[in-house]
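All values derive from a computational prediction rather than experimental measurement. Residue numbering restarts at 1 for every chain, and letters A, B, ... go by the order of the sequence lines.
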Amino acid sequence: MAGSTKFQSIKGTFDILPYPVRAEGSNLATSAQWQHVEAKIREVMRRFHVGEIRTPVLEPTPLIARGLGALTDIVSKEMFAFERGDTHYVLRPEVTAPVMRSYLQHNLAQQGGVQRLYYMGPCFRAERPQKGRYRQFHQFGTEYIGSSDARADAELIALMMAIYDAFGVSDMTLKLNSLGDAESRPRYKEALQAYFAPYRNDLTATSQERLGSNPLRLLDTKVEHERKLLDDAPLLIDYIDDASREHHETVCGLLDDLGVRYELDPFLVRGLDYYTRTAFELLGGKLGAQNALAGGGRYDLLAQEVGSKQPVPAVGFAAGFERLFITLQAKGYALPDATTPDVFLVALGDDAQRRVFALAQQLRAAGVAVAFDLKGRSMKAQMREANRQNAPFTAIIGQDELAAGEAQVKRMETGEQEAVAFSALAAYVR
RNA sequence: GAGACUGUAGCUCAGUCGGUUAGAGCGCCAGGUUGUGGCCCUGGAGGCCGUGGGUUCAAAUCCCAUCAGUCUCCCCA
């Protein structure tokens, strides 16, 4: 059959290319820019002595379903899941549950202390794509597993903020709340239901539905008259247990000590079931409807949901790479478009091509980034190519240079040119 | 899952009361400079006008469907 079909990347996914190509398909950033951003994040992780964990993209579906909660949007309608034989697979929609799985599988508790782990990589959710939201998107995040101490919460938040600081991003809002323990929320749900009951008929259809199933969702309604009702609604913070309240106050105090600015938001709830106590969100502008740069919280209940006999206290955050890029671009943060070679070798004639080919290998062995033409093009074309690649130097080699054993090295910015022995090239261009 | 808008060269877009071989700028390639990039000039390649169907003597242009993109609801990173 003739190969007549032109394929394109799956809806909501995109390619990351080595240099900027303006195209449909949300080509947010080049691979050089991804590497730059990743390196900066890794550097902050290093300073906090957080170790990298890499888990499979494929996980058992029940891990995700039980970990996040069957009623969450992610599990109920956004998973890319399939089965082979009698195994159910899912492309991970987030990484916290997989990290917890790994922690339990390898008994990392036996390593002693608190596990500080970070990850970066793709996640998958079958949502309708829009600005800052893709079906394959990329997250980085950190999990502190094994401590219920408020300092774990505070340090984790400080780490998250340090990453954005490293990029000079400051016009963001950190929102903080406490969700209380396992008993607090049912208690609060009842209070909320009782409060809204008299206004039932004023609520939108979806809100009425949520009043029954998940009343916490009412807290982030965007309907104007519903927001008004919230002014007098009971506050979650008033319904949480004493230990959680104390924990919350300690976290706030520690953040104050560090000079981390935050806003207490009594209406902040998070979409995943596993959160307890601390919950936070980092909001930035310029992101359209998807204004959450990062989010996280404490999840002391997750471990037991996914099979641990012991409770394992933990706290973590997850952040979106794509949204970070949108933010950086909006701020005009200078990211390197593409990598450039140290030198571009220009060959004139067959003999020179032969020599240049070998010379490139020698220079590369010496650590020099070398580019040259592979199509036998004219000198003009080779020079143009060198210019396009932003090579700081071109080394021109023709018959005369072969005879003399030296290249004509041109400094592209100034146009200056001088003869440099082949053996001295590596040192010259670096 | 629901809604709105969009879809013509690699990119940004013109072209539609339906009418002969579909255009521009940028980019790409080549030449002007038989061994020198960026500026300039000249030329060239590259489109079955997202795809499929329908209406018509005739469709890039009108209709339907579908796919994709953008944005919103929803939800989250």
Side-chain angles (χ1 to χ4, degrees), chain A residues 4-14 17 20-27 68 72-78 93-96 120-141 160 204-207 209-210 214 217 220-223 269-272 281-284 287-296 316-327 344 346-349 352 375 377-401 407-417:
Chain A
S4 56
T5 309
K6 189 174 177 182
F7 293 104
Q8 52 183 312
S9 54
I10 295 284
K11 176 195 188 84
T13 70
F14 55 90
L17 304 172
V21 174
R22 309 188 60 179
E24 276 194 352
S26 39
N27 213 328
L68 310 202
T72 58
D73 280 16
I74 293 176
V75 170
S76 61
K77 51 192 189 195
E78 295 171 0
E94 55 95 74
V95 191
T96 299
M120 36 180 73
C123 296
F124 306 83
R125 293 182 198 173
E127 292 183 286
R128 192 79 168 258
Q130 57 183 276
K131 188 180 180 74
R133 182 207 274 176
Y134 306 94
R135 289 189 161 188
Q136 175 174 340
F137 58 105
H138 300 77
Q139 287 193 338
F140 62 92
M160 180 178 83
T204 60
T206 44
S207 290
E209 215 177 285
R210 284 176 185 164
N214 192 355
R217 279 266 146 261
D220 46 32
T221 179
K222 279 159 190 153
V223 183
V269 290
R270 300 203 36 85
L272 308 178
E281 247 173 37
L282 188 62
L283 271 39
L287 289 169
Q290 275 64 50
N291 65 345
L293 274 172
F317 79 86
F321 271 103
E322 288 81 0
R323 292 177 190 187
L324 174 56
F325 277 115
I326 292 171
T327 302
F344 192 103
V346 174
L348 305 170
K375 302 205 303 189
R377 295 142 97 196
S378 69
M379 178 174 195
K380 185 190 181 95
Q382 293 180 63
M383 292 299 292
R384 202 165 36 226
E385 176 79 26
N387 185 58
R388 200 169 22 232
Q389 293 184 9
N390 265 311
F393 294 101
T394 49
I396 299 157
I397 297 168
Q399 287 303 326
D400 296 349
E401 288 74 18
Q408 284 294 321
V409 177
K410 180 171 186 174
R411 186 182 294 272
M412 295 297 273
E413 198 175 338
T414 61
E416 296 171 286
Q417 191 166 309

Check your understanding: Mind checking the C1' distance from A60(B) to G47(B)? Whole angstroms is fine.
Key -> 11 Å

Exercise for review: Would you give the length of the straight line joining atom CZ of R323(A) to atom OH of Y134(A), rounded to the nearest 0.5 angstrom?
Suggested key: 9.5 Å

Point to revise | Rounded distance in Å between the P positions of U70(B) and C64(B) | key: 24 Å

Revision key, fill the gap. Taken to the nearest whole Å, CD1/I74(A) to C1'/G1(B) is 16 Å

**Study point:** Between C71(B) and U12(B) - P atom distance, rounded Å
**Key:** 15 Å

Review point. Tell me, what's RNA chain B's dot-bracket, Watson-Crick or G-U with both distances under 3.5 Å, | for other-strand, [ ] crossing?
Key: (((((((..((((.....[...)))).(((((.......))))).....(((((..]....))))))))))))....

Review point. Which whole-number value in Å describes the distance from K375(A) NZ to C28(B) P?
Key: 12 Å

Study note, to complete from the structure: note: L324(A), atom CG; A77(B), atom P; distance rounded to Å ~ 15 Å

**Study point:** Partner set under salt bridge (charged side-chain N to carboxylate O under 4.0 Å, His left out) for E94(A), not counting sequence neighbours
**Key:** none

**Study point:** Which residues share a side chain to side chain donor-acceptor pair (under 3.5 Å) with E416(A), sequence neighbours left out
**Key:** T414(A)

**Study point:** Residue R128(A), side-chain atoms from C-beta onward, closest of A77(B), U72(B), A30(B)
**Key:** U72(B)

Exercise for review: Would you give the length of the straight line joining atom CZ of F393(A) to atom CZ of R411(A), rounded to the nearest 0.5 angstrom?
Suggested key: 4.0 Å

Practice item. Measure the distance from OH on Y134(A) to C1' on C75(B) and round it to the nearest whole Å. Key: 16 Å

**Study point:** Test salt bridge (charged side-chain N to carboxylate O under 4.0 Å, His left out) applied to R377(A) - qualifying residues, sequence neighbours left out
**Key:** D373(A), E385(A)

**Study point:** Trace of the side chain to side chain contact (heavy atoms under 4.5 Å, CB included) decision for F317(A) with F140(A)
**Key:** CA-CA 9 Å; F317(A) 79 86; F140(A) 62 92; 4.0 Å; yes

Point to revise | P spacing across the pair G50(B) / A59(B), given as an integer number of angstrom | key: 15 Å

Point to revise | Along RNA chain B (nearest heavy atom to each residue), the more 5'-positioned of G12(A) and L282(A) | key: G12(A)

Exercise for review: Nearest whole angstrom, please: distance from the C1' of G38(B) to the CD of Q382(A).
Suggested key: 17 Å

**Study point:** Side chain E281(A) and base A77(B) donor-acceptor under 3.5 Å
**Key:** no

Practice item. Calculate, to the nearest 0.5 Å, the distance between atoms CD and CG belonging to E322(A) and L293(A) respectively. Key: 12.0 Å

Review point. At under 4.0 Å between heavy atoms, what does A386(A) touch on the DNA or RNA strands: base, sugar-phosphate, or nothing?
Key: nothing

Review point. Can you list the residues that meet the side chain to side chain donor-acceptor pair (under 3.5 Å) rule with Q408(A), with sequence neighbours excluded?
Key: Q417(A)

Give each protein N/O atom lying under 3.5 Å from an N/O atom of nucleotides 35-37 of chain B, with the pair distance.
residue : atom : partner : partner atom : Å
G35(B)  : O6   : D400(A) : N            : 3.3
G35(B)  : O6   : D400(A) : OD2          : 3.0
G35(B)  : O6   : E401(A) : OE1          : 3.4
G35(B)  : N1   : E401(A) : OE1          : 2.8
G35(B)  : N1   : E401(A) : OE2          : 2.9
G35(B)  : N2   : E401(A) : OE2          : 2.8
U36(B)  : O2'  : K410(A) : NZ           : 3.3
U36(B)  : O2   : K410(A) : NZ           : 3.3
U36(B)  : O2   : Q417(A) : OE1          : 3.4
U36(B)  : N3   : Q417(A) : OE1          : 2.9
U36(B)  : N3   : Q417(A) : NE2          : 3.1
U36(B)  : O4   : Q417(A) : NE2          : 2.5
G37(B)  : O2'  : N387(A) : ND2          : 3.3
G37(B)  : N7   : K410(A) : NZ           : 3.0
G37(B)  : O6   : M412(A) : O            : 3.2
G37(B)  : N1   : M412(A) : O            : 2.4
G37(B)  : N2   : N387(A) : OD1          : 2.9
G37(B)  : N2   : M412(A) : O            : 3.3
G37(B)  : N3   : N387(A) : OD1          : 3.2

**Study point:** Distance, rounded to the nearest Å, where R133(A) contributes CZ and G69(B) contributes P
**Key:** 13 Å

Practice item. Using the C1' atom as the reference point in each nucleotide, state the distance between A24(B) and C49(B) in Å, no decimals. Key: 15 Å

Revision key, fill the gap. The reported gap from CE in M383(A) to CD1 in I396(A) (rounded to nearest 0.5 angstrom) is 4.5 Å

Check your understanding: Rounded to whole angstroms, how far apart are CG on N390(A) and P on G38(B)?
Key -> 14 Å

Check your understanding: So does Q130(A) get a side-chain nitrogen or oxygen closer than 4.0 Å to the phosphate oxygens (OP1/OP2) of C71(B)?
Key -> no

**Study point:** Separation between the P atoms of U61(B) and C48(B), rounded to whole Å
**Key:** 15 Å

Practice item. Determine the Euclidean distance between corresponding C1' atoms of A65(B) and G25(B); express it in Å to zero decimal places. Key: 35 Å

Exercise for review: Take atom P in G15(B) and the same atom in U8(B), then report the distance between them in whole Å.
Suggested key: 13 Å

Review point. Just how far is it from atom CG of L324(A) to atom CD of Q139(A), taken to the nearest 0.5 Å?
Key: 12.5 Å

Check your understanding: For F321(A) and A77(B), are the ring centres under 5.5 Å apart with planes inclined under 30°?
Key -> no

**Study point:** Distance, nearest 0.5 Å, that separates NE2 of H138(A) from CZ of F124(A)
**Key:** 7.0 Å

Point to revise | Gap between atoms CZ and C1', on R377(A) and U34(B) respectively (whole Å) | key: 19 Å

